[in-house]
Amino acid sequence: MPARQDRSELSMKQIVATLVNDALARLTDFADAAADLSIETTVERTRDPDHGDFTTNIAMRLAKPTRKNPREIAAGIIAALDDSKLIEKIEIAGPGFINFYLSAAAFHAELRTIVSDGEKYGRAKPKDSPKILLEFISANPTGPLHVGHGRHAAYGATVGNLLEAAGYCVHREYYVNDAGRQMDILGASVWLRWLGSKGVEVPFPENGYRGAYIRDIAEDIDTENLVTPTADDVLRDLPADAPESDKEIYIDALVARAKALQGEDGFDHIRQQALDSIRDDIEDDLTEFGVTFDTWFSEQSLTKTGRIDDALTLLEKRGLLYKKDGATWFPASNFGDEKDRVVVRENGAKTYFASDIAYHFDKRERGFDYLIDILGADHHGYLARLRAGLGAMGYQGDDLEVQLVQFVTLYRNGEKMQMSTRSGEFDTLRELRAEVGNDAARFYYVMRSNNQHLDFDLDIAKSQSNDNPVFYIQYAHARIASVFRQLTEKSLGWDPSGSGAQLGQLREPQEKTLMTSLSRYPEVLELAANNRAPQHLVHYLRDLANDFHTYYNAHTFIVDDESLRNARLYLILATRTVIANGLHMLGVSAPNKM
RNA sequence: GCGCCCGUAGCUCAACCGGAUAGAGCACCGGAUUUCUAAUCCGGAUGUUGCAGGUUCGAGUCCUGCCGGGCGCGCCA
């Protein structure tokens, strides 16, 4: 059989899978059976080195449809495989696994790819489609981000990085809920604090935003052209607040009073300044956290350009709206949702869902083919209705994917911390970052699966010890940097060409282990991206750092034998590259000194 | 009551499309440093994968029922 060309742009796994697929394509019996049953070749890393480097169970999976013995099928596949200098040997094992043992040359080639690709190593070739819109955090601009939003930020940013590494074009977006009633409540809250600072004492409403930041905003805003009403002006004829009466009715009345006393423009002036202040604070906070967006999409922009009405009009034209009990309903249950939803309330106000339909429609209209929303676990019911909305607007509901992020619990001194605003304990992302640092925070937030509750232990996140996987990984990187500094201090040079003869010096078991781990990196990136699961990368980096530390303790790199020294330095340079790439993917720094 | 997520070692968690003997870290015990950073390494124990069935060559993984935890089920945002 003809030897095939090496394919350095493929991951090792893809190289093996390609060999198997080519062989299958030649064996028509199996090819047809595999195609009929859409059995894809599954090539996996082995868990046990005794089973070689890669394995496939394809023979077992073909056994039933072809009614043949899996080991015979395996033998047939092996006979049909192209020769490759990257494969050392192939064995049939157990019930019909085909085990591949890769040659040293295969690993050496991978090392060279790592060093030559540098920070690009592990990244897939760019794909033209789909264009992905990734929306995450989208916390309401009514106060600073809290620790739960931090998880959304870290998770969303990392998933974005992973998808880009997988070759997708990713657009990151933050949806700013800057329209509607809650903005009025925010404005009223600031307004009352401003009045308070002018000596106009009005009881603060149950349903207002009480945080200290509201007072800060009230201090800072421009109120030059506003007249100051009296407390009596404010309170005259207002209904009672909770607990005597309904706090919702009260706050709405208060908002109406604020608008009456200050004028729509005056109140809007306050509300908009409050919004800008909070939004800017959120953006600063996230930027410091290494989380940035391509667009901050304003809900107000949807309202002002009439796109919500346009969307409703479109639904109306399609006969997909109906009236009941004075409200306007969208028959979401016709599109897979469990019940129909109101889009315009009896009082004429459009619901959130109406904006959501228009917003997601707008995402598709802007040319994004695939939408990913990262939402809090309490929003799990949204997927069905959002898909229903997209379906009604003429798009495939399947084009929307929702990833849910479960809640975060903070622990200090082994104690669960209460995160209510009223408790004295901190709960903002900014405070968390100040306490544990950005690196530890970014790392801890994505260490666990997004759909698993997260216990965030502040003491471990801060500890500079082997308890802490962030430092463990960073330390491996710093150690390698230190080795190269030592090399300079000793005035020793090294040949960075990594020529074949030199890499042949890598014969120690720790070196084989390290090379194997390094070669897995592109596969781990792909896995993590496909599953939106950064924790795979976290675990991988931990394992890789362990392989390096083990090697470090077992062998000296700066040895007298120049050929061996060059080979070892080449290997740890590749290790440094992969660790740095992986950490950057997580938004964590790769320090040269610790 | 209905829906979604989760249940794996003492603790916190992995386990890629169903694969070979279910793995890490922490904690605990013992050992390694005249050496490139000991924030390191090496060795040592632990499992009815919540329970009960089912599907099949093979199940932590898929299906059904049950138990336990979280979240949701508005003309709220």
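- The interatomic distance linking R385(A) (CZ) with C76(B) (C1') rounds to 11 Å, in whole Å.
- Regarding contacts with the backbone of U40(B), every side-chain N or O of N546(A) stays at 4.0 angstrom or more from both OP1 and OP2.
- Listed candidates were G19(B), C4(B), C42(B). Nearest to the side chain of R61(A) is G19(B).
- Atom CD1 in I73(A) sits 12.5 Å away from atom CZ in R61(A) (nearest 0.5 Å).
- Using a 4.0 Å heavy-atom cutoff across all strands shown, N531(A) reaches sugar-phosphate atoms only and no base atom.
- Scanning atom types as modelled, one donor and one acceptor separated by under 3.5 angstrom connect the side chain of T55(A) and the base of A20(B).
- Closest contact between the side chain of H51(A) and the listed nucleotides C42(B), G25(B), A20(B) involves A20(B).
- The CG atom of D547(A) sits 11 Å away from the P atom of G25(B) (whole-angstrom rounding).
- Where N99(A) and K593(A) meet RNA chain B, the nucleotide closest to each residue was compared, and N99(A) sits on the side nearer the 5' end.
- Set against C41(B), C36(B), C76(B), the side chain of R181(A) has C76(B) as its closest nucleotide.
- A93(A) comes within 4.0 angstrom of a base, heavy atoms only.
- When each of A39(B), C41(B), C36(B) is scored by its nearest atom to the side-chain atoms of I558(A), the top-ranked nucleotide is C36(B).
- Here G19(B) presents its C1' atom at 17 Å from CZ of F54(A), a figure rounded to the nearest Å.
- The side chain of D378(A) lies closest to G72(B), out of C5(B), G72(B), C36(B).
- Among the protein residues, K323(A) comes within range of no part of the nucleic acid, since none of its heavy atoms lies under 4.0 Å from any strand.
- Between K350(A) and C75(B) there is no side-chain polar atom (N or O) within less than 4.0 angstrom of OP1 or OP2.
- Between Q452(A) and A14(B) there is a side-chain polar atom (N or O) within less than 4.0 angstrom of OP1 or OP2.
- Residues satisfying the ring-ring contact (aromatic ring centres under 6.0 Å, His included) criterion with Y174(A), sequence neighbours excluded, are F293(A), W296(A).
- Between the side chain of H380(A) and the base of G3(B), at least one donor-acceptor pair of N or O atoms lies under 3.5 Å.
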Please tabulate, for side-chain N and O atoms in residues 528-537 of chain A, each donor-acceptor pair with protein atoms closer than 3.5 Å (sequence neighbours left out).
| residue | atom | partner | partner atom | Å |
| --- | --- | --- | --- | --- |
| N530(A) | ND2 | E526(A) | O | 3.4 |
| N531(A) | ND2 | L527(A) | O | 2.9 |
| R532(A) | NE | E401(A) | OE1 | 3.4 |
| R532(A) | NE | E401(A) | OE2 | 2.7 |
| R532(A) | NH1 | A529(A) | O | 3.0 |
| R532(A) | NH2 | E401(A) | OE1 | 2.8 |

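- The residue N140(A) sits close only to the backbone: its heavy atoms come under 4.0 Å of sugar-phosphate atoms, none of a base.
- Across C36(B), G19(B), U12(B), the shortest atom-to-atom separation from the side chain of M60(A) is found for G19(B).
- Residue contacts for Q474(A): at a heavy-atom cut-off of 4.0 Å it reaches no nucleic acid atom on any strand shown.
- In this structure, the CZ atom of R448(A) is 13 Å from the P atom of C26(B), given to the nearest Å.
- When the side chain to side chain donor-acceptor pair (under 3.5 Å) test is applied to R479(A), the partners found at least two apart in sequence or on another chain are Y475(A), H549(A).
- Considering only side-chain N and O atoms, Y540(A) lies nowhere under 4.0 angstrom from the phosphate OP1 or OP2 of G23(B).
- Here the side chain of R542(A) is nearest to one of A14(B), C75(B), G25(B), namely G25(B).
- Note: OH (Y472(A)) to C1' (A24(B)) measures 11 Å, nearest angstrom.
- One interatomic measurement links the two molecules: CG of N57(A) to P of A20(B), which rounds to 10 Å at whole-angstrom precision.
- Residue-nucleotide stacking is present for F97(A) and A20(B), judged by a side-chain ring centre under 5.5 Å from the six-membered base ring centre and planes under 30° apart.
- Taking 90° from 0 as the syn/anti boundary, the base of C17(B) is oriented syn.
- For Y155(A), the side chain to side chain donor-acceptor pair (under 3.5 Å) test picks out N450(A), with sequence neighbours left out.
- Take S333(A) and apply the side chain to side chain donor-acceptor pair (under 3.5 Å) test, not counting sequence neighbours, and it matches D340(A).
- E346(A) comes within 4.0 angstrom of a nucleotide base, judged by non-hydrogen atoms across all strands.
- RNA chain B forms stems at B:1-7 with B:67-73, B:10-13 with B:23-26, B:28-32 with B:40-44, B:50-54 with B:62-66, each a run of 3 or more consecutive Watson-Crick or G-U wobble pairs whose two key distances fall under 3.5 Å.
- Taking the C1' atom of each, U8(B) and C13(B) are spaced 9 Å apart, rounded to whole Å.
- At a cut-off of 3.5 angstrom, the base of U12(B) holds no donor-acceptor pair with the side chain of D455(A).
- Nearest-nucleotide positions on RNA chain B for W329(A) and D48(A) put D48(A) closer to the 5' end.
- Checked against a 6.0 Å centroid threshold, the rings of Y101(A) and F54(A) do not count as neighbours.
- Ring geometry for W494(A) against F484(A) counts as tilted: the plane angle lies between 30° and 60°, on a 0 to 90° scale.
- Between F330(A) and F335(A), the angle of the ring planes stays under 30°, which puts this pair in the parallel group of the 30/60° scheme.
- If you check every strand for non-hydrogen atoms under 4.0 Å, F407(A) touches sugar and phosphate atoms only.
- The side chain of R47(A) places no N or O atom within less than 4.0 Å of a non-bridging phosphate oxygen (OP1 or OP2) of G23(B).
- Within the nucleic acid shown, H555(A) comes within 4.0 Å of at least one base atom, counting heavy atoms only.
- Checked against G19(B), A32(B), C75(B), the side chain of P95(A) finds its nearest nucleotide in G19(B).
- Here A478(A) lies in heavy-atom contact (under 4.0 Å) with a base.
- The side chain of R565(A) places no N or O atom within less than 4.0 Å of a non-bridging phosphate oxygen (OP1 or OP2) of C36(B).
- Counting only heavy atoms from C-beta on, T42(A) has its side chain closest to C17(B) among C17(B), C42(B), U40(B).
- Look at D337(A) and R341(A) and you find a salt bridge, because one of the NZ, NE, NH1 or NH2 atoms lies within 4.0 Å of a carboxylate O, short of that distance.
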